[in-house]
Structure formats: C-alpha cells, structure tokens
S.K.: 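One structure is given below, represented as structure tokens, and several questions about it will come after.
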Amino acid sequence: MKKLFILPLFALSLQLMAQKTLSLKECLQIGIENNLSLRTSQNEVKKAKENISENRAKLLPQINLVGSFNDNFDPPVSVTDGRAYGKLYNVTQTLQFNAAGGLQLQMPLYSQMAYTAVDLSRTMARLNELSYEKAREDLIIQIASIYYLIQNTKEQIGIIDDNIKRFEELKEIAKAFYDNQMALEVDLQRINVRIESTQIQSANAQAMLTKQYNMLKYILDYPAEEEIEVIAKSVDEVETAEMSGLNENMYELQLMQQKVTLADQQTKLAKQGYLPTLALTGNVMYTAYSDKFKNWFHDTEANHWYNSNGIGISLRVPVFDGFEKRSKVHKAKIDAETARLGFENTLKGMQTNYANAVKDLTNNQRNYFRQRDNYRLAENIYDVTYNRYKEGIVSMVEVLTDQMSMSDAQNSYLTSHYEYMVSNLQILKYTGKLETLLY
C-alpha cells in the first residue's frame, strides 16, 4: 500500500518539475525570438536590404561573356556595286559556318532614374523595418494581454476554490442543524445545488485556463507538449502607466511618413523619365568563318579568328511616348497627395486614440478601486451573515443570497482588474514605453 501511495506522489513531483515558470519578460523575449509571423517580417527586412544591393548593382559595370556558333546551311548573300569589277553587281556569299566570342561591357554614366531607384529601395527597406517594429510592438501587446488574462483566470480559480470550501463548511453546519432538527432538508439541497454549480464553474475556468495556455504557447512558438506556468499575481497589485502624452514617433506614424516619402520619390522617378541617359559601351570580340565544319578541327586559313574591339558612348533621349510618362506623373502626384492625407488622418486618429486611452485608463482605474471596495464589503457582509447563520439567527436563504452577491462582486472585481491592466498596456503603447516590459 505504501508503494501504491508513493508512485502517484512521485509522478506529481515529476510533473511539477517539468513545468517551467515564465515571467512576462521571459515570455516577451521568447515570443520576439520565436514567433513565426515576426520571423516572416524579419525575412522581409532582409529581402529589402538585398533589393538595395540589387538596384545599386545597376550603377556598376556590367560585363558579359558571349559566344555563338551558326550553321548557315542556306548562306545569305551580300550584293554590292560591281562596276569596279566590270559588272553591274558584285554578289558575295557568306560562308556556311561562323563562330564568335568575346566580352561585352556596359556601364551607365548618367541615369538619374537609376539613382532614384536606389533611394526608392532604401525607403522600401525602411518601410519593412518599421513594419517589423510595429509587428513586434503588436506582439508585445498580444503576449502581455494573454499573460494578464491567464493571471486573472488563475486568480478566479483560486477564488472559486475558496468559495467551494466555504460551501463545504456551510454544508457541515447545515447538516448538523438538520441532524438536530434545527434546519430543513431543503437547506441541504440548496447548499448541494450551489456546491455543484460552483464545481462546474471551477471546471469551466480550468478548461478556459488550458485554452489560454495553449494560445500563449502558440504565440510564443513554444513546444505544445511542454507545460508552462505564469507567475501568479495578486489582484490587489496594480501599476499605473505614466500618461506623458502621445509619442509622435510611433511606428504607425513613421510608417505613414515613409509612405509619403516613397510617393514623393515615385513622383520624382516618373518625372525623370523625360531625362536623357548616357552609358559607356565596349566590346572585345573574336570571329571566325569556315566553309566546311571539319575545318574547325584543323589549323588552316579557313579556321582563322578575327578580332574586333571597340569602345563607345550610348545616348538615349526620350522624345515622345504617347503621353505615357505624363500619365505616370499625374498618377504619382495623386498617390503622393493620398499618402499625405493618410499621414494626417493617422496622426489625428492617434491623437484621438490616446485621448480615449487616457479616458479609459482613468475610468478603469476608478472602476477597479470601486469594485475592490465593493468586493471587500460583500465579503464582510457574507462573513457576518455566515456567523449569524451558525448562531441560528438567519436562514440559509440569506446566507446563499449574500454569497451570490459576494460571487458577483468577485467576478466584477476580477474583470475590472483585467481591463485596468489592458488599458495600462494601451497607454504604454501610445507613450512609446512598451519596451519597459522587457526590462
């Protein structure tokens, strides 16, 4: 029998040892490092940096090794003036086989569009960086919200378990009264109903807690088979964020500002389509001709390579394109104006959101303290009624009524605490202080 008793205790101790307790800071660090969506954003940042190198490469010399071999089984002819040879036309037939190989060089000397394309790629890279930072900020809020919710649910389970203990004690008293014919059987039935109802409530809360842990592990990309535990926090512990004003360097605002910059650069790029481009060209080529394929494998005059080298400058001046560039410029100007309106709208929206967040924090803070006082008052009232019931002064109905009022006050208190914590998160976001959660 002792061995049978020791084995469950040993299994329980192993389970507790396997559980890892994570602080909010640790959860945030794990999430930032492992979250799959955030890692996707990181890849976009890396990709944007490669785009900068790709556009910058277009300003560097481009050298290509080229080669060709042709079998002109029906060779073309060349017709020239033949009067110098005593005939009207001089007809020359090309040899059947020809081969060419060499190097070709091209490098832009002046291309304003290429320079602007590099600037555009830098702006896009900055946009991706800001998108990553915003996604990181959203992830911090998401993890912290779930972490607070789990703490709140754990506290709720603890309160429910305390209520079950109260009901069990009340049941013992009621049973003693009933045995002494001082209470009715219906009183025992009432208390049994409340015990059963509260146990169901506890089971539902436990199931909800499991779902919340699963969601937290998913966001953290934490192994689903491993157990984790959050640090318990008393509902009486609260920290109020400092309302220091809207941070105008928020990532949302920086993103909109970068979109304005991008639209201006695209307008500039469209206008630069009217500018000429200048490029340096050059080649080092070798060409050979033969009338028979077998001559390629013998050192004969027919297998002679002729070199052709040169260097030059290529100028391209746009003259008329059917008003295509004009339409592109007009569209780009509209996009730039839209981006500026978007930035202004986002700024005003953030100012409104901050004002509402301040109002919510103030209101939730007030509700939290009121609900706390109300819960303590309901608890005191229940204790008085409970003691009076033990003395036989009040009925079971009054005890259960006060207990229900206390339970409602408990739930309202927990809800107000969670809303208070979430409103603190919003203030940290709008004031640019979310990073303090990582310290």
S.K.: State whether the side chain of Tyr382 and the backbone N or O of Ser405 hold a donor-acceptor pair below 3.5 Å, judged by distance alone.
M.R.: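 Such a contact is absent between Tyr382 side chain and Ser405 backbone.
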S.K.: Where is the tightest heavy-atom contact between Leu105 and Pro61, given as atom of each residue plus distance?
M.R.: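 Looking at all heavy atoms of both residues, the closest pair is CD1-CB, 3.9 Å.
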S.K.: Thr431 versus Glu242: any side-chain heavy-atom pair under 4.5 Å?
M.R.: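 With C-beta onward as the side chain, the pair stays apart.
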S.K.: Would you check if the side chain of Asp221 reaches a backbone N or O of Asn35 as a donor-acceptor pair within less than 3.5 Å?
M.R.: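 Side chain of Asp221 to backbone of Asn35, a donor-acceptor pair under 3.5 Å: no, none is there.
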S.K.: May I ask you to decide if the ring planes of Phe69 and Phe97 are parallel, tilted or perpendicular, using 30° and 60° as cut-offs?
M.R.: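 Parallel.
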S.K.: Do Gln96 and Asp291 make a side-chain contact, defined as non-hydrogen atoms from C-beta onward lying under 4.5 Å apart?
M.R.: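 Not touching, per the 4.5 Å side-chain cut-off.
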S.K.: Start with the C-alpha distance between Ser131 and Glu44, add both sets of side-chain angles, then the distance that settles side-chain hydrogen bond (donor to acceptor under 3.5 Å, both in side chains), and finish with yes or no.
M.R.: CA-CA 9 Å; Ser131 296; Glu44 290 299 321; over 6 Å; no
S.K.: What do the steps show when you test Arg136 against Glu435 for salt bridge (charged side-chain N to carboxylate O under 4.0 Å, His left out), and what is the final call?
M.R.: CA-CA 10 Å; Arg136 181 175 178 271; Glu435 294 292 325; 2.5 Å; yes
S.K.: Strictly distance-based, threshold 3.5 Å: is any side-chain N or O of Lys217 a donor or acceptor partner for the main-chain N or O of Ala224?
M.R.: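 Yes: the side chain of Lys217 pairs with the backbone of Ala224.
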S.K.: I need the Ile150 CD1 to Leu216 CG distance, nearest 0.5 Å.
M.R.: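 Spacing of CD1 (Ile150) from CG (Leu216) equals 4.5 Å.
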S.K.: Could you tell me whether Phe73 atom CZ has more than 12 heavy atoms of other residues or ligands within 6.0 Å of it?
M.R.: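 Count not over threshold, so no.
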S.K.: Could you check whether Lys46 pairs with Glu50 (Lys NZ or Arg NE/NH1/NH2 to Asp/Glu carboxylate O, under 4.0 Å)?
M.R.: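 Looking at Glu50 together with Lys46, the answer is no, because their closest N to O distance does not fall below 4.0 Å.
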S.K.: Any non-hydrogen side-chain atom of Leu425 less than 4.5 Å from a side-chain atom of Ser145?
M.R.: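 Side-chain contact under 4.5 Å: yes.
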S.K.: Are any non-hydrogen side-chain atoms of Asp360 and Gln426 less than 4.5 angstrom apart?
M.R.: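 The answer is no, as the side chains (C-beta and beyond) never meet within the 4.5 Å cut-off.
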S.K.: Can you tell me how far apart CG (Leu414) and CD (Glu419) are? Round to the nearest 0.5 Å.
M.R.: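 These two atoms lie 11.0 Å from each other.
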S.K.: Please report the closest heavy-atom contact between Ala339 and Val260, naming both atoms and the distance.
M.R.: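 Residues Ala339 and Val260, closest heavy atoms: O-CG2, 3.4 Å.
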S.K.: Spell out, as yes or no, whether a donor-acceptor pair under 3.5 Å connects the side chain of Ser197 to the backbone of Val193.
M.R.: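 Checking the backbone N and O of Val193 against the side chain of Ser197, no donor-acceptor pair under 3.5 Å is found.
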S.K.: Might you confirm whether atom CE of Met256 has over 12 heavy atoms from other residues, nucleotides or ligands at distances under 6.0 Å?
M.R.: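 Yes, the 6.0 Å shell around CE holds more than 12 heavy atoms from other groups.
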S.K.: Take Ser244 and Lys433, measure what side-chain hydrogen bond (donor to acceptor under 3.5 Å, both in side chains) needs, and give me the verdict at the end.
M.R.: CA-CA 10 Å; Ser244 56; Lys433 298 177 180 176; 3.2 Å; yes
S.K.: Considering only heavy atoms from C-beta outward, does the side chain of Leu428 approach that of Glu137 to under 4.5 Å?
M.R.: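 No, every pair of side-chain atoms sits at 4.5 Å or beyond.
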S.K.: Checking salt bridge (charged side-chain N to carboxylate O under 4.0 Å, His left out) for the pair Lys333/Glu337: CA distance, chi angles, key distance, verdict?
M.R.: CA-CA 6 Å; Lys333 286 182 177 179; Glu337 179 63 21; over 6 Å; no
S.K.: Please name all residues satisfying side chain to side chain donor-acceptor pair (under 3.5 Å) with Lys134, sequence neighbours left out, ordered by chain then number.
M.R.: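 Partners of Lys134 by the side chain to side chain donor-acceptor pair (under 3.5 Å) criterion, ordered by chain and then number, come out as Asp138.
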S.K.: Please say whether more than 12 non-hydrogen atoms of neighbouring residues, nucleotides or ligands are located less than 6.0 Å from NZ in Lys268.
M.R.: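 12 or below, so no.
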S.K.: Kindly indicate, with the supporting measurements, whether the criterion salt bridge (charged side-chain N to carboxylate O under 4.0 Å, His left out) is fulfilled by Asp373 and Arg370.
M.R.: CA-CA 5 Å; Asp373 294 340; Arg370 286 182 176 178; over 6 Å; no
S.K.: Quick one: do the Gln403 and Arg166 side chains pair a donor with an acceptor below 3.5 Å?
M.R.: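 No, no side-chain donor-acceptor pair sits under 3.5 Å.
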S.K.: Checking Tyr213 side chain against Val230 main chain: does a donor-acceptor pair fall under 3.5 Å?
M.R.: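 Side chain of Tyr213 to backbone of Val230, a donor-acceptor pair under 3.5 Å: yes, one is there.
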S.K.: How far does CG of Asn192 sit from CZ of Arg194, to the nearest 0.5 angstrom?
M.R.: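 Here the rounded value is 12.0 Å.
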S.K.: Which residue, Gln265, Gln258, Gln266, forms the side-chain hydrogen bond (donor to acceptor under 3.5 Å, both in side chains) with Thr123?
M.R.: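 It is Gln265, the one option of Gln265, Gln258, Gln266 that forms the side-chain hydrogen bond (donor to acceptor under 3.5 Å, both in side chains) with Thr123.
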S.K.: For Gln410 and Asn163, test the side chains for any donor-to-acceptor distance below 3.5 angstrom and give the result as yes or no.
M.R.: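 The criterion, which ignores hydrogens and geometry beyond distance, is satisfied for Asn163 and Gln410.
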S.K.: Would you confirm whether Thr267, through its side chain, and Ala332, through its main-chain N or O, come within 3.5 Å as a donor-acceptor pair?
M.R.: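 It does hold such a pair.
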S.K.: Tell me the closest heavy-atom pair linking Leu437 and Tyr148, and the distance in Å.
M.R.: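 Closest heavy-atom pair between Leu437 and Tyr148: CD2-OH, 4.2 Å.
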S.K.: Restricting to non-hydrogen atoms, name the atom on Tyr368 and the atom on Ser416 that form the minimum distance, rounded to 0.1 Å.
M.R.: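 What the structure gives for the nearest pair is CA-OG, 3.7 Å.
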S.K.: Looking only at non-hydrogen atoms, find the nearest pair between Ile313 and Thr281 and report the distance.
M.R.: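 Heavy atoms only, the tightest pair is N-OG1, 4.1 Å.
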S.K.: Would you check if Asn34 and Tyr222 make a side-chain contact, meaning some heavy-atom pair closer than 4.5 Å?
M.R.: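 Side chain of Asn34 against side chain of Tyr222, heavy atoms only: no contact under 4.5 Å found.
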S.K.: Just jot down the side-chain contact (heavy atoms from CB on, under 4.5 Å) partners of Asn424, sequence neighbours excluded, or say none.
M.R.: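 Applying side-chain contact (heavy atoms from CB on, under 4.5 Å) to Asn424 gives Thr240, Ala241, Leu361, Tyr420.
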S.K.: For a quick test of reading the model, state the closest non-hydrogen atom pair linking Tyr147 to Leu22 and the distance between them.
M.R.: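 Closest approach of Tyr147 to Leu22: OH-O, 2.7 Å.
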S.K.: Would you call Met243 and Ile427 a side-chain contact if the rule is heavy atoms closer than 4.5 Å?
M.R.: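 A side-chain contact under 4.5 Å exists here.
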S.K.: Give a yes or no answer on whether the side chain of Thr346 reaches the backbone of Leu253 with a donor-acceptor pair at less than 3.5 Å.
M.R.: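 Looks like no, no N/O pair under 3.5 Å.
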S.K.: Testing Glu129, Lys259, Arg126 one by one against Gln254 for a side-chain hydrogen bond (donor to acceptor under 3.5 Å, both in side chains), which residue passes?
M.R.: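 Filter result, single survivor: Arg126.
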S.K.: Check the surroundings of atom CE in Met107: do more than 12 heavy atoms from other residues, nucleotides or ligands lie under 6.0 Å from it?
M.R.: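 Enclosed.
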S.K.: Nearest 0.5 angstrom please: Phe323 CZ to Asp321 CG, how far?
M.R.: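 Atom-to-atom, Phe323:CZ and Asp321:CG are 8.5 Å apart.
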S.K.: If you define the side chain from C-beta out and look only at heavy atoms, does anything of Asn55 sit under 4.5 Å from Asp119?
M.R.: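 Answer no - side chains too far apart.
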S.K.: Near Met208 CE, under 6.0 Å, is it more than 12 heavy atoms from other residues, nucleotides or ligands?
M.R.: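 12 or below, so no.
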S.K.: Supply the atom-to-atom distance Met406 CE to Asp383 CG, rounded to the nearest 0.5 angstrom.
M.R.: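 Met406 CE to Asp383 CG: 7.5 Å, rounded to 0.5 Å.
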S.K.: With side chain to side chain contact (heavy atoms under 4.5 Å, CB included) as the test, pick out the partner of Asn374 among Gln371, Arg376, Arg372.
M.R.: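 That would be Gln371; it is the only one of Gln371, Arg376, Arg372 passing the side chain to side chain contact (heavy atoms under 4.5 Å, CB included) with Asn374.
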S.K.: Once rounded to the nearest 0.5 Å, what's the spacing between atom CG of Leu220 and atom CD of Gln142?
M.R.: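 That separation rounds to 9.5 Å.
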S.K.: Counting neighbours of NZ on Lys233 that are heavy atoms of other residues, nucleotides or ligands and sit closer than 6.0 Å, is the number greater than 12?
M.R.: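 Above 12, so yes.
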S.K.: Test your reading of the model: is there a side-chain donor-acceptor pair from Ser202 to the backbone of Thr198, 3.5 Å cut-off?
M.R.: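 Answer holds: no.
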S.K.: Give a yes or no on whether the backbone of Val66 and the side-chain of Asn64 come within a donor-acceptor separation of less than 3.5 Å.
M.R.: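 It does not hold such a pair.
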S.K.: Step through the shown structure and confirm whether more than 12 heavy atoms of other residues, nucleotides or ligands are within 6.0 Å of CD on Glu225.
M.R.: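 Counting other residues, nucleotides and ligands, CD of Glu225 exceeds 12 neighbours.
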S.K.: Can Lys348 and Glu344 be said to form a salt bridge (charged side-chain N to carboxylate O under 4.0 Å, His left out), step by step?
M.R.: CA-CA 6 Å; Lys348 290 181 178 179; Glu344 185 178 348; 3.3 Å; yes
S.K.: For the backbone of Lys359 and the side chain of Asn363, can you confirm whether one donor and one acceptor N or O come within less than 3.5 Å of each other?
M.R.: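 Between the backbone of Lys359 and the side chain of Asn363 there is no qualifying donor-acceptor contact (under 3.5 Å).
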